[in-house]
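Here is the structure we will look at, set down as structure tokens.
Below, chain A is the first sequence line, B the second, and so on; all start at residue 1.
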Amino acid sequence: MLDLKRIRFETDAVKQELAKRGDPDVAGQIDQVIALDAERRAVIQDVEGLKARRNQTSKEIADRKKAGEDAGELIAAMKEVSDRIGEFDRQLTAAEAQIEELLLLIPNTPLPEVPAGDESANESIRSWGEPLSAAPWRKPHWELGVELSVLDLERGARLSGSGFPVYTGLGARLQRALVNLMVDTHVREHGYREVTPPYLVRGQAMRGTGQLPKLADDAYQVAGDDDLWLIPTAEVPLTNLHGGEVLGPDDLPRRFVGYTPCFRREAGAAGRDTRGIIRVHQFDKVEMVRLERPEDSGAALDELTGHAERILQTLGLAYRVMLLAAGDMAGSSAMTYDLEVWSPGVERWLEVSSCSNCTDYQARRADIRFRREAGGKPEYVHTLNGSGLALPRTVIAVLENYQREDGSVELPEALHPYMGCSRIEP
RNA sequence: GGAGAGGUGGCCGAGUGGCUUAAGGCGGCACCCUGCUAAGGUGUUGGGGGCGUUUGCCCCUCGUGGGUUCGAAUCCCACCCUCUCCGCCA
């Protein structure tokens with residue numbers, strides 16, 4: 001969430017920055033926060049005056065009782081004061097709850113270099129490799145995958161519904177190979193610490209990274225009284241790993257890489273990308289998360305994006321880097337680069353990675369702070385996350401880009417040691 | 001799942017309703033003393049918030065949230081977490 005004090009003191013700047021997202025409600029929400037904050041502070045002044053009086057008088061009551069004197073009058077007076085305090089406290093709690101509710105809905109302020117507008121204002125920053133041109137013999141992965149016996153969509157649907165693919169044989173091994181290649185690269189070459197987190201988290205963690213309350217419909221919640229949610233991305237457990245902590249001067253930066261399954265209802269995307277495995281309810285992903293000093297987060301985003309790109313380069317897959325416009329970014333993000341890989345079978349650019357600098361937005365929700373120096377005041381860290389990479393679309397790109405006219409797939413060299421073979425044949 | 005014990009400041013640890021504005025110790029920091037070292041002395045030492053912003057004043061915070069009371073670390077309720085034993089189990 002945003003800093004309440006910044007909203008109070010730099011109201012217009014905050015509104016202007018948020019306006020780049022194009023959400024018509026947000027200026028009104030800011031005004032509501034301002035009004036509630038004024039009310040809150042007024043009540044605080046009233047109630048704290050009374051509390052100071054109560055504290056003082058309580059001592060006097062104690063003194064009188066010790067001296068064996070009568071304190072009935074004071075006690076009676078204080079009973080009245082306490083009632084008023086209770087009333088003010090209820091007002092205060094209500095105002096604070098309303099402010100909290102609004103702050104949890106207001107998205108992060110985009111950084112200056114982020115273009116205003118919706119998806120159509122996304123900017124292509126750079127590209128790598130040559131997108132393969134169309135050829136009549138090229139097949140989309142849903143045909144190729146079935147012919148190669150690596151993908152079984154029908155049986156997956158029978159088990160769990162559409163959007164739950166089954167990978168078989170070399171398809172299953174390809175998943176494992178890609179995960180290992182990615183995790184190894186980020187650990188050995190990019191300096192990330194490998195983490196295996198829980199796949200179920202509390203609502204608090206989902207709130208920390210911004211999935212709740214807004215995107216509740218998009219997540220799977222476990223039945224029962226557990227308040228447990230299936231993670232839609234490893235960003236949730238990895239970012240919240242140090243939630244509620246104050247890190248020391250030497251603890252930053254922290255760089256985590258984790259491989260996890262991800263679960264998404266895709267509630268808002270019904271009917272889109274229904275063929276193949278472009279959009280599914282369960283998929284695997286290798287995710288990088290970084291906790292950085294505020295002054296380092298800008299450079300860290302570039303570096304993180306480069307780390308994700310490195311995987312595509314290693315696999316020899318053509319891609320482009322998109323700077324997302326404010327309106328296309330997730331609410332938690334202040335700046336996002338998407339990596340889009342070319343799919344010659346589907347003949348589309350497919351998003352395989354989203355790398356975001358969430359500045360202090362998630363840190364404030366999840367309460368992740370650090371001290372610059374021993375004894376210094378705690379400050380919020382900056383959090384970043386980026387896929388490195390999402391598996392299904394990487395699998396699509398590998399299969400479709402490396403397919404041969406004879407129907408086989410000649411695997412990229414980097415995968416040979418992980419696959420134990422160099423081709424997938426029908 | 002059953003039974004029990006417990007969560008106090010950076011750490012250890014005292015504290016069954018007002019003498020705690022959380023004792024004492026350790027650690028950290030500052031200063032003093034000692035011609036080195038060791039030891040000693042004095043003070044200080046969490047987080048959040050409000051008002052004023054120059055020194056400051058005040059409120060909240062003893063796992064979390066409620067409740068009882070003039071007053072709660074202390075009593076009551078719910079939840080979270082840790083530990084021990086039993087059962088079950090990959």
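Looking only at distances, a side-chain donor or acceptor of A/Gln362 sits under 3.5 Å from a matching main-chain atom of A/Thr209.
Ranked by how close their nearest RNA chain B nucleotide is to the 5' end, A/Leu4 and A/Met78 are led by A/Leu4. Nearest-nucleotide mapping onto RNA chain B: of A/Ser82 and A/Ile44, the residue sitting toward the 5' end is A/Ile44.
The distance from the CE atom of A/Met288 to the CD atom of A/Glu235 is 12.0 Å, given to the nearest 0.5 Å.
A gap of 35 Å separates the C1' atoms of B/G10 and B/U68, to the nearest Å. If you take atom P in B/C12 and the same atom in B/G66, they sit 27 Å apart, rounded to whole Å. Spacing of C1' atoms, B/C89 relative to B/A5, comes out at 25 Å, to the nearest Å. For the P atoms, the distance linking B/C79 with B/G1 amounts to 12 Å, nearest Å. Taking atom P on both B/C32 and B/G25, the two are 23 Å apart, rounded to the nearest angstrom. Taking atom C1' on both nucleotides, B/G17 is separated from B/U74 by 7 Å, rounded to a whole Å. The C1' atoms of B/U37 and B/G46 are separated by 34 Å, rounded to the nearest whole Å. Rounded to the nearest Å, the gap between the C1' atom of B/C33 and that of B/G40 is 8 Å.
A/Arg8 comes within 4.0 angstrom of the backbone, heavy atoms only, and of no base.
At a threshold of 4.5 Å between non-hydrogen side-chain atoms, the residues A/Met182 and A/Leu391 count as touching.
Using a cut-off of 4.0 Å between Lys/Arg side-chain N and Asp/Glu carboxylate O, A/Glu292 and A/Arg255 are scored as salt-bridged. A salt bridge links A/Arg64 with A/Glu60: at least one charged nitrogen is closer than 4.0 Å to a carboxylate oxygen. Salt bridge A/Glu295/A/Arg372: present, at least one basic N to carboxylate O contact under 4.0 Å.
The stretch residues 52-65 of chain A comes close to RNA chain B through A/Ala52, A/Arg54, A/Asn55, A/Ser58, A/Ile61, A/Ala62, A/Lys65, each having a heavy atom under 4.0 Å from the strand.
Nucleotide B/C89 is matched to nothing when pairs are restricted to Watson-Crick or G-U wobble geometry with both distances under 3.5 angstrom. Base-pair partner of B/G10: B/C26 (Watson-Crick or G-U wobble, both distances under 3.5 Å). Pair assignment for B/U82: B/A5, on the basis of Watson-Crick or G-U wobble contacts that are both within less than 3.5 Å. A 3.5 Å limit on both hydrogen-bonding distances identifies B/G67 as the Watson-Crick or G-U partner of B/C75. Across all strands shown, B/U53 forms no Watson-Crick or G-U wobble pair with both distances under 3.5 Å. B/G40 is paired with B/C32 under the Watson-Crick or G-U wobble criterion, all donor-acceptor distances under 3.5 Å.
Around the CZ atom of A/Arg8, the shell of radius 6.0 Å holds more than 12 heavy atoms that belong to other residues, nucleotides or ligands. Residue-environment remark: CD (A/Glu113) exceeds the threshold of 12 foreign heavy atoms within 6.0 Å.
For the ring pair (Phe, Tyr, Trp, His ring centres under 6.0 Å) condition, no pair includes a residue of residues 350-382 of chain A, sequence neighbours left out.
Neither side chain, A/Asn385 nor A/Thr239, offers a donor N or O lying under 3.5 Å from an acceptor on the other.
The nucleotide range of RNA chain B contacted by chain A, defined by atoms under 4.0 angstrom from heavy atoms of the protein and reported 5' to 3', is B/G18 to B/C81.
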